Peer 1: 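Handing you a structure now.
Keep in mind that what you see is a predicted model, and the values were worked out from it rather than measured. Order of the sequence lines fixes the chain letters, A, B, ..., with proteins taken first and strands second; residue numbering starts at 1 for each chain.
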There are 4 protein chains.
Amino acid sequence: MVAGIIGATGYAGAELVRILSGHPHVDKLSLASVSFEGDRIEKVYPNFLGRISAVLEKAEAVIAASDVVFASLPNGVGEPYARAAADKGIPYIDLSADFRFDDDEETYTAWYGKPYVHPELRKFSVYGLPELNRLRIKELAAAGGAAGKPGPVIIGNPGCYPTATSLGAFPALVKGIAAPGATIIADAASGVTGGGREPLQSFHYPECADSAAPYKVGAHRHTPEISRNLAFMAEMVPGTVSVIFTPHLVPMNRGILGTIYIPLAGGWRPGGVSAGAPRPPSKEITAKTDEIRQVYTDFYKDEPFVRVLPAGVIAATNRVRQSNFCDISVHLDPMGTTAIIVSAIDNMVKGAAGQAVQNMNIIFGYDETAGLNAVPALF
Amino acid sequence: MVAGIIGATGYAGAELVRILSGHPHVDKLSLASVSFEGDRIEKVYPNFLGRISAVLEKAEAVIAASDVVFASLPNGVGEPYARAAADKGIPYIDLSADFRFDDDEETYTAWYGKPYVHPELRKFSVYGLPELNRLRIKELAAAGGAAGKPGPVIIGNPGCYPTATSLGAFPALVKGIAAPGATIIADAASGVTGGGREPLQSFHYPECADSAAPYKVGAHRHTPEISRNLAFMAEMVPGTVSVIFTPHLVPMNRGILGTIYIPLAGGWRPGGVSAGAPRPPSKEITAKTDEIRQVYTDFYKDEPFVRVLPAGVIAATNRVRQSNFCDISVHLDPMGTTAIIVSAIDNMVKGAAGQAVQNMNIIFGYDETAGLNAVPALF
Amino acid sequence: MVAGIIGATGYAGAELVRILSGHPHVDKLSLASVSFEGDRIEKVYPNFLGRISAVLEKAEAVIAASDVVFASLPNGVGEPYARAAADKGIPYIDLSADFRFDDDEETYTAWYGKPYVHPELRKFSVYGLPELNRLRIKELAAAGGAAGKPGPVIIGNPGCYPTATSLGAFPALVKGIAAPGATIIADAASGVTGGGREPLQSFHYPECADSAAPYKVGAHRHTPEISRNLAFMAEMVPGTVSVIFTPHLVPMNRGILGTIYIPLAGGWRPGGVSAGAPRPPSKEITAKTDEIRQVYTDFYKDEPFVRVLPAGVIAATNRVRQSNFCDISVHLDPMGTTAIIVSAIDNMVKGAAGQAVQNMNIIFGYDETAGLNAVPALF
Amino acid sequence: MVAGIIGATGYAGAELVRILSGHPHVDKLSLASVSFEGDRIEKVYPNFLGRISAVLEKAEAVIAASDVVFASLPNGVGEPYARAAADKGIPYIDLSADFRFDDDEETYTAWYGKPYVHPELRKFSVYGLPELNRLRIKELAAAGGAAGKPGPVIIGNPGCYPTATSLGAFPALVKGIAAPGATIIADAASGVTGGGREPLQSFHYPECADSAAPYKVGAHRHTPEISRNLAFMAEMVPGTVSVIFTPHLVPMNRGILGTIYIPLAGGWRPGGVSAGAPRPPSKEITAKTDEIRQVYTDFYKDEPFVRVLPAGVIAATNRVRQSNFCDISVHLDPMGTTAIIVSAIDNMVKGAAGQAVQNMNIIFGYDETAGLNAVPALF
């Protein structure tokens, strides 16, 4: 089948090109780019020479030629293409934020500064975090389609930070580990590809090399997406899960690392350590950590891309590099009040292009791991 | 005067050499190294060629030759040298953890695995965070000394993480911004020099380049030091300030970045935003942030090395590189419940050697900034 | 079939594990490690969790269980394993230098400090640079084997620097571009994984980050390997091709970049520019560059892993990252006397594990690209 | 005295601000910026907060207020400011290429694409490489000035690559080590700050991190500057020293590393090694290397900023970081035909701002090292 990519020359678009070029069910790629229309993709990315070759077309031509369309565009410009794909009756997988908020237009508008262009598309659309919405994705794909041929479902492919932090927090919320109503703090770091291909001062090598820097503290657009995911997963009223989210830029190419602080239900603390100066982790702490880790392991036992790490291994971005895995490690503060969950993904794969392909696999009824079997690169 | 350095070939020791070589009151350096005894320092660090030259001696010879002794040794081995310096009646500035816990031997032993060798030295010793203990440092220095000649004071020079996070949290605790009894979360990142000069797997270039990784989650020895500092500053009973601390290793040479979450007194939240999905910061949030920033600015107005950054500037490690500054920026989560304080230092300067020199300046009555006027390097 | 790897926990060994785990003709891996015998490979490299699992055995057990053996060991220790594989009658692919010098024991001994342990094995062994020795590799594999089952051939898998620089210089030597007898200068840079997994001072993050440093100037063991390759390819008397080789360490994980200076036959210079100050490239220079590039393109037109880049694209290590490609770009100095050839490989793939798998493919008669189709990662 | 800087917000300009702010003879800085006119320098570079403060003015105001003017502008725009400084009768130190070619307007035009705007200024101007032109700089400064007050000398401050490579090659040319007429190859690497402050695709973090890449191969503008320097130093006819120069971009912030290949006079080779495969360095090679190193050491014995490294130490950029040093190490290829000289500078200091201040010191008769005594930072 033919997979189309609009915005193929941005970083997430180019990563889609790379992943889909090795996908067992994709016969052909059809690529669009506004900036490089008429050029060949291998001219823009010489990495592809000898492996991938295609002329960059207009978006309309790509939609016309494709059985599924991926859009990797800036926020706020892609809805017309989604409309066109829906008109043609094919799935549309949107990597921007435009379809991540379902029908909560108010929240979308508050953070992204514009209303929906095509509110009617929301009945076809679903937030594409498979670990949260796999069934709903399948249902929607089946709804308008025929056997082996999905209908015009639209996927709001999740943000990179929300993917890492939501997956890290889900079991704690669902399985009663988290204190109800408690504020969850997600402190996260991103590699610089997260900022995209356009050269900006913040991503100029000398400005971000050899430095760690928070940005948009208390004001990042992924906050409402995370908060919504957690409430939805925990079957709670939206807005009742308080999330504080702080992103940091660190000098690495790929990766999202989330360190998530979740107050324990009942304010659990091992007896006798509740007062006085902190002490190294007691046996009770270690036992409780093992117990929570087991809950996490069980929770994700059927998920092909979530690895709950064994005791002694801490999640790190270089363990998931170039793969679609989300690694999760489970820890406890030594005072016994708070679970500390570390979650790591490759921002370009599970945080963008890989997850988009995972969604395509679900929609088309392929093996969910098709084209996504890369072993994490060691370096 | 003659400044002696024991452990001069470790990273913090060598940074001391570099800083003290430009100090206006230091006439001569006397250096000791176990690993390189008999070699010249400029052979171990060719950076020093043509600028600094000295044969590496035994520790005993250095103490005998010096007017002040800095010790940059592994934890647990330096007390006999402190004893010798005290016997000679000169100040001893210890960069290890051995004198950071005053007479709380129990906590020291719980985390560092050994009792005090010379408990009697604790009456001369003080934790050397000038912003916390400047007066006590001066008093102790004066106690056993004469005019212009300090007595045998011993400084427990603070850890790098405790310096950054304590300075970031102090005003909130002292000035009633923090909710009494609330847990403070300090999520922090360190450059790789923080791990010292010895080659270990964790600090092998291919293992830590292009990656972000937490370590010792819920089990780092700096936790009790931070907790104690906050309680002491807030004049609270030790152990009553709960701190959760998570260190991360990021691929940079220098720097500590602390992102500190402090629940607000009264659980302050701007009216009307308390329910529903998160929204971008409101005017009330911005106003409250400005108010807290002003408290911070006032609190540190006489401190020569703390810079509370103006609105719009976020602390980052590359803003304090190679300097003794601690940069602090003040933020609020958009739900209005929690202050987010970002604190950045150079781990080798304010986090180690620079702060040690600052302590020397205080002890000897020099201008506190003598030898520490470096403008942060731009890159 | 079963592929065995001795030294599976070193960097090149682990990369072999990763590549072979995705090879279409490899059914099972059998792994050995001296350092981690009895552990599981995924404990040493948690990247492999959920993808690759194997207990690390003794080398003897691996040889007994395998149809082909890869050895990724330090120089000078592997010959007994080669002997054992030959006794069993299976191919042995050695990533060390022990079989790179054929029967020139004198040169091997001069640079590696020891004589051959099993000189008799040399009749089975061949230097495994496919672009140089493909036919000889096939012949040797066929010699002692049966249909579809190769005999006990031993491959001396090339060094990373010799691979990049030899491929860059071959066409110039073979096609008469190079001045006969002229000295060829190969100035090259390596990523830090080239130094292996063992933590050493030189590869300690703070010592090599943010720096460029030559090493072993005029004394690197890859010099005779390069010189021999060039002479052999050009069908010249060994030792008659003078090569000056300077390696540099630069702060990147992967990659070898070679910049190779080859004086032109006849000392070619475009008319009229021979005297006076240098000028930007003239039309004649550009035309001559195009002409040489065409020679290179033709020379490598059937090679599956050599990409001669089009005009305007310069070889760089991030264009071949994680792939088995060798990228080559062709340039001329503006005075018209010297070809400047830039050659880039991933040191862990074409420079080690990938090339070893390429050799296995040739030996077994598989498609030479089997398991080696990775598109170079963009970042 | 007042030092003025035009173009103070570019990288070299800001580094000048930092260095001059600690200069013992500079009382005040007057700063100009086109991009940020009216802003404060510490707003553009918050690193300067609390240390350096100035409003960014127009260039004209800076010239009017200053006793010396530094210009850190793009090539081709600064001549009118030089004219204005000359009219005022004060020194003008230009960090662009506009005054690097003396009266060789033809070469300047060939590489920079425009003629001189003020050819008459060339009688006041001199190429400011102190190790080459110190006397001429002093003479010109004295010519139009009075005691303690220099006249309107104009300095063409050298390029970063030409500084490193010229200093590395000078002794070989002057002292008869180099073969007369031989081509000198300078293979060099630069940190990314060399590309300046403007965000461009090439310097976007994900495009240059974890990679080594040559650029402008055979076409870099520093080639004629290097060639001219060498000829001038060797008192040869311009254009008779052939230089091949290849720059590379490597992922580091600061530094230039030059690896320079200089054929030896008489094609020196130690007896008996002239044929056959390369061998490790012989005693004769080591002795010859020591001999050449001694020539270098003697040549630079009075230079305050050139360090010829002892045997066993190889020049590297992290040894000169943040300092005005040029480190040089001397090597020989093991075949004995070619000297390999490695030269390292900090591109922002000796390669730009530091050298400019060195020129100011010479012009004003200050100690040449005033303000330039920084010990190279260890990391």
Peer 1: Given that the side chain runs from C-beta out, which part of C:F325 has a heavy atom under 4.5 Å from chain A: side chain, backbone, both or neither?
Peer 2: side chain
Peer 1: Has the side chain of A:R18 got a donor or acceptor atom that lies under 3.5 Å from a matching backbone atom of C:V375?
Peer 2: yes
Peer 1: Within a 6.0 Å radius of atom CD on A:E37, are there more than 12 heavy atoms belonging to other residues, nucleotides or ligands?
Peer 2: yes
Peer 1: Would you mind telling me which of C:A14, C:G312, C:P46, C:G191 has the largest number of heavy-atom pairs within less than 4.5 Å of chain A?
Peer 2: C:P46
Peer 1: Does the side-chain contact (heavy atoms from CB on, under 4.5 Å) test come out yes or no for A:Q322 and C:N47, once each step is laid out?
Peer 2: CA-CA 11 Å; A:Q322 313 265 0; C:N47 291 42; over 6 Å; no
Peer 1: Which atoms form the tightest heavy-atom contact between C:L49 and A:P310, and what is the distance?
Peer 2: CD1-CD, 4.0 Å
Peer 1: What part of C:A209 is in contact with chain A, defined as an atom under 4.5 angstrom from a non-hydrogen atom: side chain, backbone, both or neither?
Peer 2: neither
Peer 1: Taking atom CD as the centre, does A:E198 end up with more than 12 heavy-atom neighbours from other residues, nucleotides or ligands that are less than 6.0 angstrom away?
Peer 2: no
Peer 1: Considering only heavy atoms and a distance below 4.5 Å, find which of C:T193, C:V320, C:I52, C:D327 pairs most often with chain A.
Peer 2: C:T193
Peer 1: Find out whether A:E42 and C:V313 are in side-chain contact, i.e. whether some heavy atom of one side chain is under 4.5 Å from a heavy atom of the other.
Peer 2: no
Peer 1: Please examine the side chains of A:F379 and C:E15, heavy atoms only from C-beta on, and report whether any two atoms are closer than 4.5 Å.
Peer 2: yes
Peer 1: What do the steps show when you test C:F48 against A:L378 for side-chain contact (heavy atoms from CB on, under 4.5 Å), and what is the final call?
Peer 2: CA-CA 9 Å; C:F48 293 162; A:L378 294 169; 4.1 Å; yes
Peer 1: Do A:R51 and C:N373 have side-chain heavy atoms sitting under 4.5 Å apart?
Peer 2: yes
